[in-house]
Every structure is written in structure tokens, then in C-alpha cells.
Amino acid sequence: MMKNVLIIGSTGQIGSELTLALRSRYGNSKVVAGYIRGAEPVGILAESGPSEPADITEAAQIAEIVKKYKIDAIYNMAALLSATAESKPQLAWSIGVQGLFNLLEIAREMNCSLFTPSSIGVFGDETPKDKTPQDTVQRPKTMYGVTKVSGELLSDYYFKRFGVDTRSVRYPGLISHVAPPGGGTTDYAVEIYYAAVKGKRFECPLAAGTFMDMMYMPDALDAAINLMEADPAKLIHRNSFNVTAMSFDPEILRKEISKHIPDFQMEYKLDSVRQSIADSWPNSLDDSCARAEWGWNPKYDLQAMTADMIAELRGKL
Ligand code: SER
């Protein structure tokens with residue numbers, strides 16, 4: 001089951017850690033770090049294994065890499081996050097949908113499996129907000145959500161119609177001390193830790209009482225890897241699985257951080273774009289299908305994540 005893997009978006013928020021995790025699992029030379037110009041890999045990412053320019057909007061470029069390295073699994077981590085996608089909706093579609101379509105065609109022709117993250121952004125105002133079921137209303141009003149729902153549909157279509165091994169999870173907000181996110185609605189839950197550890201006052205862009213699902217990056221990496229290694233016979237769903245590790249609002253997060261940094265100060269300075277996106281997303285997901293079908297079981301809750309984030313950032317900053 002040795003795999004040759006290509007990561008699209010290997011220098012991004014998830015890709016930078018996923019690439020290293022896959023290299024330690026499958027071997028450094030087996031995992032190709034795909035990147036776009038202007039976001040070249042540096043440091044350990046550049047030194048530990050092969051890398052290639054791999055722009056998801058350039059199908060021929062990606063097909064060449066798949067041929068050259070005999071790639072049999074692609075992790076598609078290219079995306080604009082939700083707030084950025086609202087300011088660049090055409091680019092968000094081109095990366096999220098046209099780009100995915102390019103990869104699906106390559107996967108069909110060259111027999112690759114394909115992992116593409118979806119998001120809590122696939123849900124909208126009409127979706128049940130608490131314990132949001134696996135199979136429910138998906139009518140998002142954001143371009144990010146529109147691209148992610150389209151991606152789920154396209155990926156399931158390619159599985160049913162052509163037998164392409166497509167798999168996906170609906171990530172919640174992801175928190176990490178390595179690569180920062182950019183332009184997401186859940187970014188505050190990363191930025192707050194940087195502010196707290198630097199001894200700065202944090203301006204929170206979302207209101208108290210805004211609950212969203214969240215997850216620490218080690219669990220997010222496990223979700224991708226474990227789903228891709230799961231026995232396909234056990235998968236009833238494919239694109240895409242609800243996964244979550246915790247749900248909190250800014251007040252709960254502030255209080256948890258204050259246990260470690262008692263003089264931490266936060267004030268509210270609302271961002272109306274992010275607030276309206278957050279209001280349209282679930283408060284908490286039901287991830288029981290992921291647990292039952294492929295053994296999803298996150299390790300970090302808010303307490304464990306906060307202790308680790310603060311320790312790691314103290315070392316880094
Ligand atoms: N973190 C993402 C965002 O906020 C959610 O998928 O856009």
C-alpha cells in the first residue's frame with residue numbers, strides 16, 4: 001500500500017503540516033509538495049522531499065507531475081477561505097470548482113485517489129444549527145460554500161459515474177501554531193492565541209455567543225490520513241463527512257486562555273462580513289457517521305488544545 005502522493009497547496013495552512021505528516025508516514029521521496037509561484041516551500045518542507053510547481057488551474061502541469069512521479073493519491077488543499085472568497089468570488093470558483101474538475105479528470109484518466117476538504121461552510125441559514133446532521137439542507141449563501149457544495153457533488157459524481165476514489169471531510173475552523181490561515185471566518189480562533197502569548201489585547205471580529213465547530217491541526221491531519229486509508233467497503237458516505245472536535249464562542253475561548261494568561265484582554269470589534277458568515281454556519285456538527293464509518297475520534301478538546309497552543313507559541317515567539 002505504498003503510495004506516491006501529490007499535495008496541491010503544500011505551503012498553505014493545512015498543506016504545510018500535512019505534507020510533513022505524509023512524508024514521515026510514507027517516506028520523504030514519496031510525497032511531492034505542489035505549490036504555486038509566490039508560495040514556494042522553504043525550510044524543512046523544501047529540504048525533506050521533492051517539490052514541483054502545481055497550479056490547480058493548470059491541468060497539464062499537474063498531469064505531468066502525476067506522470068513523472070507515478071502519483072496514485074492527490075490531496076487537494078488549494079482554496080480561498082470564506083472571507084477572501086467573498087472579495088474574489090470568480091477566483092474562488094476557478095480554484096475551488098474548475099480546479100477540482102481538473103484534478104477529477106486527471107484522477108479518472110490516471111487512476112488516482114483524491115482527497116478534497118469540504119467545510120462547515122457548506123451549510124447555511126436553513127440548516128439545523130445544533131448537532132447539524134450528516135445529511136441535511138446545504139444551501140450556503142457564500143461563494144466559499146457554493147464552491148464546497150459543488151465540490152462535494154462533483155466528487156460524488158466522479159465516484160459513482162467513473163469509480164474515482166474520492167473522499168472528503170467537512171473541516172470546521174482549524175487551529176494551528178505552524179502556518180497561519182488567511183481570510184477565513186474562523187481565523188480569530190488562531191489569532192487570539194498569538195495576541196495572548198505576545199501579551200497584546202485582542203480585537204475579536206465576532207460577537208460573544210457566536211458558536212462554531214473547531215479542531216486542532218493534529219486531529220485535522222489524522223482525519224485526512226485516516227479517511228484516505230479507510231476500508232472503502234465501510235464507507236457509506238464519501239463527499240463529505242461531518243467532523244468536529246469542539247464547539248465554542250469567543251467568550252469560552254477567552255476564559256480558557258485566561259487560565260494560562262490571567263491578564264489577557266479582549267475587546268469586540270465586529271467584522272460584518274465575517275459575522276454574517278459565522279451566523280449562517282452551524283453551532284455544532286453531528287459527526288457520528290465519520291465515527292461509525294472510519295473510526296473518527298479526535299484527541300484534542302479545548303483544554304488540551306489551549307495548553308498545547310500556548311506552550312508551542314511561547315517557544316516560537
Ligand atoms: N476556516 C474556514 C473559513 O473560515 C472554514 O472552513 O473559511
Side-chain angles (χ1 to χ4, degrees), residues 9 12-18 75-89 91-93 95-97 100 115-125 127 129 132 138 140-152 155 168-194 204-207 210-221 223-224 227 239-250 253 270-285 287 290 298 300 305 309:
Q13 185 201 6
I14 307 172
S16 54
E17 289 181 72
L18 181 64
Y75 286 74
N76 167 23
M77 317 314 280
L80 297 188
L81 291 183
S82 54
T84 305
E86 286 311 294
S87 62
K88 298 175 184 165
L91 182 62
W93 179 268
I95 293 170
V97 184
L100 170 62
F115 176 82
T116 303
S118 185
S119 163
I120 52 174
V122 295
F123 301 115
D125 290 315
T127 308
K129 289 241 181 293
T132 302
Q138 294 180 263
K141 305 292 185 290
T142 62
M143 182 46 103
Y144 183 66
V146 169
T147 65
K148 290 299 186 188
V149 174
S150 305
E152 290 190 7
S155 299
S168 172
V169 297
R170 292 176 185 139
Y171 279 131
L174 298 183
I175 293 153
S176 147
H177 53 83
V178 182
T185 300
T186 57
D187 293 10
Y188 92 90
V190 179
E191 289 156 3
I192 191 173
Y193 285 104
Y194 279 82
C204 186
L206 298 179
T210 307
F211 279 81
M212 287 187 287
D213 291 278
M214 301 278 175
M215 185 182 296
Y216 200 32
M217 191 60 83
D219 283 325
L221 303 181
L227 174 58
N239 303 282
S240 177
F241 284 95
N242 284 5
V243 286
T244 185
M246 61 193 93
S247 165
F248 54 71
D249 83 325
L253 182 53
L270 300 193
D271 173 326
S272 61
V273 172
R274 282 182 171 78
Q275 186 66 51
S276 77
I277 295 174
D279 287 341
S280 76
W281 289 357
N283 299 329
S284 67
L285 296 186
D287 60 3
Y300 287 87
M305 174 178 80
M309 270 299 275

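Both counts, for ligands and for their atoms, begin at 1 and track the order of listing.
Put simply, the side chain of Thr186 does not reach to within 4.5 Å of the side chain of Pro172, judged on heavy atoms.
No donor-acceptor pair closer than 3.5 Å links the side chain of Thr210 to the backbone N or O of Leu206. Checking side-chain atoms of Glu86 against main-chain N and O of Val273 turns up no donor-acceptor pair under 3.5 Å.
Residues Ser240 and Ser168 bring a donor and an acceptor atom of their side chains to less than 3.5 Å of each other.
Within 4.0 Å of ligand 1, contacts by protein heavy atoms are made from Leu81, Ser82, Ser119, Tyr144, Gly184, Thr185, Thr186, Trp281.
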If you look only at distance, which donor and acceptor atoms sit under 3.5 Å apart when one is on a side chain in residues 214-221 and the other is two or more places apart or in another chain?
from	atom 1	to	atom 2	distance (Å)
Tyr216	OH	Asp308	OD2	2.7
Asp219	OD1	Lys299	N	2.7
Asp219	OD2	Lys299	N	3.1
Asp219	OD2	Tyr300	N	2.9

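The aromatic rings of Tyr188 and Phe248 sit perpendicular to each other, their planes meeting at more than 60°, with 30° as the lower class boundary.
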